[in-house]
Undergrad: 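This is the structure I want to talk about, given as structure tokens.
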Amino acid sequence: MLICFTSSYGQTFFISLFAGEIMGDFGLSDGDWGLIYTIATTASAALMVFVGGLTDRLRVRRLAMVAATGLALACVAMATLSGAIALTVTVLALRLFGQGMMSHISAVAMARWFVATRGKALSVASMGFALGQAVLPIIFVALLAVAGWRTLWLVAAALVLLTMPIILRLLQAERTPQSLAAESPAPGMNGLHWTRGAMLRHWLFWLLIPLLLGPPAFGTALFFHQVHLTEVKGWDLLDYVALMPLFMAVSVATTFASGALLDRVGTGRLLAVYLLPFAAAFMLIGWAETLGVAALGLMVLGLGTGAQATVPTAFWAEFYGTRHLGSIKALAMAVMVFGSAIGPGLTGVLIDAGLDFPEQMSAIAAYFVLSAAIAAYAVIRARPTLAPQVDIVGS
């Protein structure tokens, strides 16, 4: 949970709090800033394919320290950088070490270490995301009134460093990937422990690409453009971010509910429907004229993001097995990080072209509905292959 929380400093909801100040200091438009963010996050996604598999070989405490060190240095760089190239490289580091590695490390550890109660374990760990989204925007937006944005990035770096000894202490008695894989591997479809190559040669992964891209692409865009959104709607930014605890309350409740359901009914049924709240939320926020309707939209969004915290990770473990879970989830994570790259870039270009983000939200909602339909078909087709068979390694 603490690793999840610390990833917040590389998440879009945190970086976007400083969007106005960054664009002002560097003379960037919404499209320029979105393009920089897209380039940096795409590079992060590419790197995740290679570094994410380290969770299959190295202990969590070692990888967590590497990721935390990189994240702290990136926060310091944000406080001191100058120039668009330096900004791009620094955002790349924030995304790779924060959103990418720290999120990945936590999720893979929970999915591998727990089998019968995998959903509940993922729910507990993902509370770190919820806590970060609930408290950090309010605190740092308020601090912007009394401190410069670069100073606040130094504060973020200090907070990352403060968590490192605590994480080391809490992980003194962690399980190792090697010992667990040898003791209690859980196979996936057809009784196999699928490798990443085998997954890429199977139709199921490709049908799930739209589902993987949607929440990170457009959920990221929603937070990335929150300054733009509030300006278009005529709302005060502090009043808008003050709604986040409502969003997170629903998200937390849904995370625990989805975790319990996963342990009872499996991931297939939930995977087919959990995108629908995203569609409803974007319709509500796009049409909202008051903060009250925006609050309702954010709470509906919380239903989707709560399930997002548990369902996809549990799906990879259930359908593809746990022996190579780190490398498999690293690829899925790379797709999701790539989604978080194209979302701000695409919507930023459309904003520069004169189509405000709220005007884009109906089309985004339609995308979620279509992606849910494709996922439902894929799961219905693949579910019969989960019947227990001989345990061999997929090739």
Undergrad: Side chain to side chain contact (heavy atoms under 4.5 Å, CB included) for Leu208 and Leu271? Distances and angles first, verdict last.
TA: CA-CA 10 Å; Leu208 294 179; Leu271 192 81; 3.9 Å; yes
Undergrad: In terms of side-chain heavy atoms, does Thr347 have a donor or acceptor partner in His225 at a distance below 3.5 Å?
TA: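 Indeed, the side chains of Thr347 and His225 share at least one donor-acceptor pair under 3.5 Å.
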Undergrad: Test side chain to side chain contact (heavy atoms under 4.5 Å, CB included) on Phe278 and Leu303; report intermediate values, then the result.
TA: CA-CA 8 Å; Phe278 286 97; Leu303 297 174; over 6 Å; no
Undergrad: Closest approach of Met102 and Leu71, non-hydrogen atoms and distance?
TA: SD-CD2, 3.9 Å
Undergrad: Quick check: do Trp316 and Met199 have side-chain heavy atoms less than 4.5 Å from each other?
TA: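 Sidechains of Met199 and Trp316: in contact.
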Undergrad: Under 4.5 Å between side-chain heavy atoms, hopping through other hydrophobics if needed: is there a path connecting Leu131 to Met164?
TA: yes
Undergrad: State, without any angle test, whether Ser103 and Gln11 hold a side-chain donor-acceptor pair at a distance under 3.5 Å.
TA: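 Yes, a side-chain donor-acceptor pair sits under 3.5 Å.
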Undergrad: Do other residues, nucleotides or ligands put more than 12 heavy atoms under 6.0 Å from Glu289 CD?
TA: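 No, because the 6.0 Å sphere around CD of Glu289 holds 12 heavy atoms or fewer from other groups.
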Undergrad: Are side-chain heavy atoms of Leu213 and Met336 found at a separation under 4.5 Å?
TA: no
Undergrad: How long is the span from the CG atom in Leu301 to the CD1 atom in Ile285, to the nearest 0.5 Å?
TA: 5.5 Å
Undergrad: Check whether Trp203 forms a cation-pi arrangement with Arg381 (NZ or CZ under 6.0 Å from the six-membered ring centre, at most 45° off the ring normal).
TA: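 Yes - Arg381 lies over the ring of Trp203, closer than 6.0 Å to its centre and within 45° of its axis.
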Undergrad: Do Trp149 and Ile22 have side chains that approach each other closer than 4.5 Å (heavy atoms only, starting at C-beta)?
TA: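 The answer is yes, as the side chains (C-beta and beyond) meet within the 4.5 Å cut-off.
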Undergrad: Nearest 0.5 Å, please: how far is CZ in Phe319 from OG1 in Thr385?
TA: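 So the OG1 of Thr385 and the CZ of Phe319 are separated by 6.5 Å.
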Undergrad: Looking only at side-chain N and O atoms, does Thr12 offer a donor or acceptor that is under 3.5 Å from a partner on Tyr37?
TA: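 There is such a pair (donor and acceptor under 3.5 Å, judged by atom type) between the side chains of Tyr37 and Thr12.
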Undergrad: Restricting to non-hydrogen atoms, name the atom on Ile138 and the atom on Val241 that form the minimum distance, rounded to 0.1 Å.
TA: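 Scanning both residues, the minimum pair turns out to be CG1-O, 3.7 Å.
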Undergrad: Is there side-chain contact between Asp32 and Phe26, with at least one heavy-atom pair below 4.5 Å?
TA: no
Undergrad: Is there a side-chain contact between Tyr240 and Leu291 (heavy atoms, below 4.5 Å)?
TA: yes
Undergrad: Taking all non-hydrogen atoms of both residues, which atom of Met299 and which atom of Leu246 are closest, and how far apart?
TA: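 Taking every non-hydrogen atom into account, CG-O, 3.9 Å.
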Undergrad: Would you say the side-chain atoms of Arg150 pair up with the backbone N or O of Leu81, donor to acceptor, closer than 3.5 Å?
TA: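 Yes, Arg150 side chain to Leu81 backbone: donor-acceptor pair under 3.5 Å.
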Undergrad: Do side-chain atoms of Thr220 reach the backbone of Pro216 as a donor and acceptor pair under 3.5 angstrom?
TA: yes
Undergrad: Could you check whether the rings of Phe14 and Tyr9 sit parallel, tilted or perpendicular, using 30° and 60° as the cut-offs?
TA: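 Perpendicular.
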Undergrad: Hey, what do you get for OG1 (Thr90) to CE (Met78), rounding to the nearest 0.5 Å?
TA: 7.0 Å
Undergrad: Check Ile15 against Gly10 and note the closest heavy-atom contact, atom names and distance.
TA: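 The answer is CD1-O, 3.8 Å.
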Undergrad: So, the side chain of Asp236 versus the backbone of Leu238: is there a donor-acceptor pair under 3.5 Å, distance only?
TA: yes
Undergrad: Would you kindly confirm whether Val135 and Phe13 end up in one hydrophobic cluster when ILVMFWY residues are joined by side chain heavy atoms under 4.5 Å apart?
TA: yes
Undergrad: What's the shortest heavy-atom distance between Ala279 and Phe368, and which atoms?
TA: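 Where Ala279 meets Phe368 most closely, the heavy atoms are CB-CB, 3.8 Å.
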Undergrad: Can you find a heavy atom in the side chain of Leu200 that is under 4.5 Å from one in the side chain of Trp206?
TA: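 The answer is yes; the side chains approach within 4.5 Å.
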Undergrad: Could you tell me whether the side chain of Ser251 and the main chain of Phe247 form a donor-acceptor pair under 3.5 Å?
TA: no
Undergrad: Check whether Ser44 reaches the backbone of Leu96 with its side chain - one donor and one acceptor, N or O, closer than 3.5 Å.
TA: yes
Undergrad: So how far is it from Leu143 CG to Leu152 CG, rounded to the nearest 0.5 Å?
TA: 5.5 Å
Undergrad: Look at the side-chain heavy atoms of Ile, Leu, Val, Met, Phe, Trp and Tyr, link any pair under 4.5 Å apart, and say whether Leu275 and Tyr377 land in one connected group.
TA: yes
Undergrad: Does Leu355 belong to the same Ile/Leu/Val/Met/Phe/Trp/Tyr cluster as Leu222, with side-chain heavy atoms less than 4.5 Å apart forming each link?
TA: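 The answer is no; the residues belong to distinct hydrophobic clusters.
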Undergrad: Give the C-alpha distance, both sets of side-chain angles, the deciding distance and a yes or no for side chain to side chain contact (heavy atoms under 4.5 Å, CB included) between Met189 and Glu318.
TA: CA-CA 8 Å; Met189 294 180 292; Glu318 181 178 344; over 6 Å; no
Undergrad: Got a donor-acceptor contact below 3.5 angstrom from the Tyr367 side chain to the Pro210 backbone?
TA: yes
Undergrad: For the hydrophobic clusters of this structure (ILVMFWY residues joined by side-chain heavy atoms under 4.5 Å, transitively), does one cluster hold both Ile374 and Ile209?
TA: yes
Undergrad: Ring centres under 6.0 Å, that's the criterion: do Phe140 and Trp153 meet it?
TA: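 No - the distance between ring centres of Phe140 and Trp153 does not fall below the 6.0 Å cut-off.
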Undergrad: I want to check something: taking the side chain as every heavy atom from C-beta on, are Phe129 and Val252 in contact at a cut-off of under 4.5 Å?
TA: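 They are not in contact (no side-chain heavy atoms under 4.5 Å apart), so the answer is no.
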Undergrad: Run the side chain to side chain contact (heavy atoms under 4.5 Å, CB included) test on Asp356 and His228 for me, step by step, so that the C-alpha distance in whole Å, both residues' side-chain angles and the decisive distance to 0.1 Å come before the verdict.
TA: CA-CA 8 Å; Asp356 290 335; His228 163 80; 3.7 Å; yes
Undergrad: I need the minimum non-hydrogen distance between Ala19 and Trp33, along with the two atoms involved.
TA: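 For Ala19 and Trp33, the tightest heavy-atom pair comes out as CB-NE1, 3.6 Å.
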Undergrad: Any side-chain heavy-atom pair from Met65 and Ile167 closer than 4.5 angstrom?
TA: yes
Undergrad: Under 3.5 Å, is there a donor on one side chain and an acceptor on the other for Gln308 and Tyr274?
TA: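 Yes, side-chain donor-acceptor contact under 3.5 Å.
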Undergrad: Hey, could you give me the OG1/NZ distance between Thr290 and Lys233, rounded to the nearest 0.5 Å?
TA: 9.5 Å
Undergrad: Rounded to the nearest 0.5 Å, what's the gap from OG1 on Thr80 to CG on Leu154? Could you check?
TA: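 One gets 8.0 Å once the value is rounded to the nearest 0.5 Å.
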Undergrad: More than 12 heavy atoms of other residues, nucleotides or ligands under 6.0 Å from CE of Met283: yes or no?
TA: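 For Met283, atom CE is crowded (more than 12 foreign heavy atoms under 6.0 Å).
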Undergrad: Whether the side chain of Thr254 engages the backbone of Gly306 through a donor-acceptor N/O pair (distance < 3.5 Å, no angle test) should be reported.
TA: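 Such a contact is absent between Thr254 side chain and Gly306 backbone.
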